Amino acid sequence: MMKKLFPLLFSMCLIFCQQTFAQTDVKIEVFDVAQSKVVKSIPLDENKKNEAIRLVRSVESLFPKINATPRSGIMVKVPFDPLVNIDNMLVQEPVKEVIFIFPEGERPYMLLFNEQKKNPMFYYFKENPTPFLEQLGVTL
């Protein structure tokens, strides 16, 4: 009986530990466009996640430009696990990841990815990103 029970308990422990580590290992990445590299990696805690969700839920309109890649500024990638449900006039689906784009001298916008990462779309958001950026220790 113990021989059968031990492997089962051990397997369950491994699964639980992997899920716990996977959740705590989620990082926000700050990418400097001019340097073409990630300049900061920050653990995603509940406060930062809530601020990012606040910005995503404030989606306002589609980003109209054809070329969405800025020449300067920063981009902030925030993964969501579990997915975040967004339901407004423009977006009605779970979001897996968002990249906030803060081009120098222009209005910020975001790139949303759904669960399958198909059909990513660029949107403007209306909420003030300053509290989120302050939590990340990032200045524009």
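Please read these numbers as outputs of a predicted model, since none were measured by experiment. Below, each value reflects all heavy atoms present in this structure, side chains not excepted, and no hydrogens, waters or symmetry copies.
By the 6.0 Å contact criterion, CZ on R71 is open, its count of non-hydrogen atoms from other residues, nucleotides or ligands being 12 or less.
Side-chain atoms of V84 and R57, non-hydrogen and from C-beta on, do get closer than 4.5 Å to each other. Counting heavy atoms from C-beta on, the side chains of V56 and M110 come closer than 4.5 Å. Inter-residue side-chain proximity for N88 and V91 is flagged as met; some heavy-atom pair is nearer than 4.5 Å. You'll find the side chain of Y109 reaches within 4.5 Å of the side chain of P70, heavy atoms only.
From K77, atom NZ reaches atom CD1 of I28 across 11.0 Å, with rounding to the nearest 0.5 Å.
Taking each heavy atom of F125 and P108 in turn, the nearest pair found is CZ-CB, 3.8 Å. Listed here is the closest heavy atom pair of E104 and S72: CB-OG, 3.2 Å.
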Report task. For side-chain contact (heavy atoms from CB on, under 4.5 Å), just list the numbers for V98 and F113, CA-CA rounded to whole Å, side-chain angles, deciding distance to a tenth of an Å, and then say yes or no. Result -> CA-CA 6 Å; V98 60; F113 293 94; over 6 Å; no
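A salt bridge links E106 with K65: at least one charged nitrogen is closer than 4.0 Å to a carboxylate oxygen. A salt bridge links R54 with E51: at least one charged nitrogen is closer than 4.0 Å to a carboxylate oxygen. Ionic pairing of E115 and K96 is not present here: no N-O contact between side-chain nitrogen and carboxylate oxygen is shorter than 4.0 angstrom.
In this structure, F100 has its ring center under 6.0 Å from that of F132. You'll find the ring centres of Y123 and F63 outside the 6.0 Å limit.
When each of L62, L112, I101 is paired with F122, the side-chain contact (heavy atoms from CB on, under 4.5 Å) condition holds for I101 and for no other. I74 pairs with exactly one of V33, L136, L140 by the side-chain contact (heavy atoms from CB on, under 4.5 Å) rule, that one being L140.
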